[in-house]
Amino acid sequence: MARNLHIVKFIQSLNTIEIQIIEDYLHSIYLLSNSKKKESKQLMLFRYISSNKEKLITDNELIKNIAIKDIYSQKYSLSIKIYDALLLSKHLENKEIFNEREQIVFSLKKKILLIKSLRRSSNQGRMDTLNLLLAETVKIAKDNQVFDVLVEALIQKKQINGIRLGPKAFENINREIFYYELCFKCVQNANDAYYRLILNKDFINSFSKEKLDSHLKNSIKKLARDYKNTKAHEVNYYLHILKLEYYEHNREYLKGIKYCNMLINLLRKSKIMYSKNRIGIALNTLSQFSIYAKKSADGVFNAQKAQRFFIKNSLNYLLSKELELYAYLYSYNYKDAYKCIEEMLQHSMTDTGEFRKSKYIYFKACILFATKQYQFALELLNKSLEIEKDKSKWNISLRILIIMTFLELNKINEVGRLVEALRKYIERTKRTGIIEERYILIVKLLRELEKNGYEFNPANNNATKILTLLAKKNTPLSWNYYTPEIIPFHKWLLDKKTY
């Protein structure tokens, strides 16, 4: 394996603005006299890699094209210079890339670094400058609730001036440090409460419905208390997000739409909470609630509006396309759904994770299945299963759809083996995670159908009872939006009965 391979991939990931910043910096370092015509090797190396974004570039190719002997040290040295360039104010203060709050945070962190480096010398001529920098940093950090930097600045203030000002001033600073450490901890706890929900949604459920309800109620209560005690805007933001999750969990979709619009207005008015990403995420949530409320056109509109707030090659943009896709799928608009999934499969972020790649291939297979292109659907389902490798709850729905596809293709002899393999897979998975009862019932129904050659027989009371349970609405066993079961099994079977 080539050494420093990561830097090649990193350079290929850079956007146009970042590339220009780095080129300018490299050129300024290696500015040549008028008598020389050659560019620096590192600048040539950077330009070659950045202009071949889709190519798998080997060290041998770089040695051949750039005529570099020690490619490993050159790549390492180049990486250091790239990092330096990306920390320049020229880059960090670029409004096209970073919002106002991000720029403030970066500026504060640079001030803290400057203060720490200036303290290395005990030269008294620096004290006025240090105190001025500290005062600026503390004020701006307080005004913008950048608690981690604020704590660092207060520690520096205590160490520089605490002894000179006496015990009372020393203890006053300590009390401030303690309070702002609490604020910072509250923000981190709020962030963690949110991300536990995200992990639960995307992978094997770690929360049962009861535990999820308890997690939401307890988290909302704690965040409301933390916000009251700290007035931390970031805590308030996550409090709103968790309340939206609570409305979704309890199927209060119209309340969710109203509350989401409130959050968008709040974000627009708050300098601390506002960012384009957060507006986009709120619009994504609004799209999600619109689809729940059976307003698919609004779902498409809000998802497309959200995309305008995200960088096109970002993960958030891709997630917003996913919501747009759901709106098409749930309204049976397979023509636009197909266009949407093709764009998603071409997106730069799709290949950054096996799970996402597998999931999107599965989405495309669902569209092909819904439009009765069963053989093509089966090919994609097998490809998705091969990539996915048992890593998420999507695996079960993927296997169920493979079984449904075999039945549509009348390949009955294969189905029994697949059903038994799925039953064993569920049994294994139950040991490490929570499996939806709906999936267990689907497997039981398939085993009942096996008794009549996978034809539904109304005389089979067990099969009829299970199908009735699966078709009921608003129960723990019901089909729901945004689950891996894109093609509702009960609806497919009921439609199949009428063939």
Side-chain angles (χ1 to χ4, degrees), residues 83 86-89 91-93 98-124 126-196 219-242 266-267 270-275 277-278:
Y83 303 151
L86 294 176
L87 288 173
L88 293 172
S89 296
H91 179 237
L92 298 180
E93 294 172 5
F98 303 110
N99 63 45
E100 184 180 358
R101 178 168 176 78
E102 287 169 329
Q103 292 179 56
I104 289 168
V105 172
F106 293 151
S107 173
L108 287 170
K109 288 184 182 288
K110 288 181 76 172
K111 273 194 171 76
I112 280 290
L113 184 59
L114 176 60
I115 289 165
K116 287 181 176 180
S117 65
L118 290 177
R119 280 197 64 202
R120 298 294 294 171
S121 170
S122 59
N123 190 330
Q124 290 301 309
R126 299 185 177 198
M127 290 308 301
D128 289 344
T129 300
L130 277 169
N131 284 323
L132 178 64
L133 286 169
L134 277 169
E136 286 179 352
T137 304
V138 168
K139 184 180 185 309
I140 296 170
K142 280 184 180 179
D143 290 345
N144 292 276
Q145 296 191 343
V146 187
F147 297 122
D148 56 337
V149 173
L150 180 51
V151 168
E152 278 202 78
L154 288 169
I155 290 170
Q156 293 297 315
K157 182 179 177 181
K158 179 178 71 171
Q159 292 173 351
I160 293 171
N161 293 318
I163 297 173
R164 293 182 179 87
L165 297 177
K168 187 177 179 180
F170 187 87
E171 291 306 326
N172 285 340
I173 296 173
N174 263 341
R175 278 191 286 272
E176 274 197 287
I177 291 169
F178 179 80
Y179 172 71
Y180 290 117
E181 281 179 335
L182 174 64
C183 291
F184 181 66
K185 187 176 181 181
C186 287
V187 170
Q188 296 306 301
N189 287 340
N191 188 281
D192 286 350
Y194 167 67
Y195 277 101
R196 284 191 187 97
S219 296
I220 288 169
K221 186 177 178 180
K222 185 178 188 312
L223 265 61
R225 185 172 63 247
D226 288 346
Y227 177 61
K228 183 179 179 181
N229 292 334
T230 65
K231 298 301 178 188
H233 289 241
E234 288 289 290
V235 174
N236 191 26
Y237 170 72
Y238 286 111
L239 176 59
H240 277 73
I241 295 295
L242 288 174
L266 184 65
L267 287 170
S270 171
K271 184 176 75 170
I272 292 172
M273 286 194 291
Y274 175 83
S275 74
N277 262 352
R278 285 183 172 178

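Residues: numbered from 1 along the sequence shown. All values below were derived from every heavy atom in this structure, side-chain atoms included, with hydrogens, water molecules and symmetry-related copies excluded.
The two residues Leu108 and Ala141 come nearest to each other via the heavy atoms CD1-CA, 3.9 Å. The heavy-atom pair separating Arg126 from Ser117 by the smallest distance is NH1-O, 4.5 Å. The heavy-atom pair separating Tyr238 from Asn191 by the smallest distance is OH-ND2, 2.8 Å. Residue Leu242 comes nearest to Ala193 through the heavy atom pair CD1-CB, 4.1 Å, listed as atom of the first residue, atom of the second, then distance. Residue Ser89 comes nearest to Lys110 through the heavy atom pair OG-NZ, 2.9 Å, listed as atom of the first residue, atom of the second, then distance. Taking all atoms of both residues into account, the shortest heavy-atom contact from Ser270 to His233 is OG-ND1, 3.6 Å.
Applying the side chain to side chain contact (heavy atoms under 4.5 Å, CB included) rule to Glu152 yields the partners Ile112, Lys116; only residues at least two apart in sequence or on another chain are considered. Glu100 pairs by the side chain to side chain contact (heavy atoms under 4.5 Å, CB included) definition with Ile104, Lys271, not counting sequence neighbours.
Applying the salt bridge (charged side-chain N to carboxylate O under 4.0 Å, His left out) test to pairs two or more places apart or on separate chains, those with a residue in residues 165-179 are Lys142-Glu176. Residues in residues 99-120 take part in these ring pair (Phe, Tyr, Trp, His ring centres under 6.0 Å) pairs, two or more places apart or across chains: Phe98-Phe106. Pairs engaging residues 224-235 under the salt bridge (charged side-chain N to carboxylate O under 4.0 Å, His left out) rule: Lys222-Asp226, Glu234-Arg278 [sequence neighbours left out].
Atom CG of Asn174 is separated from atom CD1 of Ile155 by 9.0 Å, given to the nearest 0.5 angstrom. A distance of 12.5 Å separates NZ in Lys139 from CG in Leu150, rounded to the nearest 0.5 Å. Atoms CZ and CG, on Phe147 and Leu182 in that order, are 9.5 Å from each other to the nearest 0.5 Å. Summarising the geometry, atom SG belonging to Cys183 is positioned 7.5 Å from atom CD belonging to Gln145; distances are rounded to the nearest 0.5 Å. Atom CZ of Arg101 and atom CD1 of Ile272 lie 6.0 Å apart (nearest 0.5 Å). Taking CD1 from Ile140 and OG from Ser107, the interatomic distance works out to 6.0 Å, rounded to the nearest 0.5 Å.
Using a 4.5 Å cut-off on side-chain heavy atoms (C-beta onward), Gln103 and Leu92 make no contact. Considering only heavy atoms from C-beta on, Asp148 comes within 4.5 Å of Lys109 through its side chain. Side-chain contact between Arg119 and Gln159 is present, with at least one heavy-atom pair separated by less than 4.5 Å. Asn236 places a side-chain heavy atom less than 4.5 Å from the side chain of Leu266.
In this structure, Phe178 places its CZ atom where only 12 or fewer heavy-atom neighbours from other residues, nucleotides or ligands lie under 6.0 Å away.
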Donor-acceptor contacts under 3.5 Å from residues 127-137 side chains, at least two apart:
from, atom 1, to, atom 2, distance (Å)
Asn131, OD1, Asn161, ND2, 2.7
Asn131, ND2, Met127, O, 3.2
Thr137, OG1, Leu133, O, 2.7

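Defined by atom type and a distance below 3.5 Å, a donor-acceptor pair is missing between the side-chain atoms of Asn99 and Tyr274.
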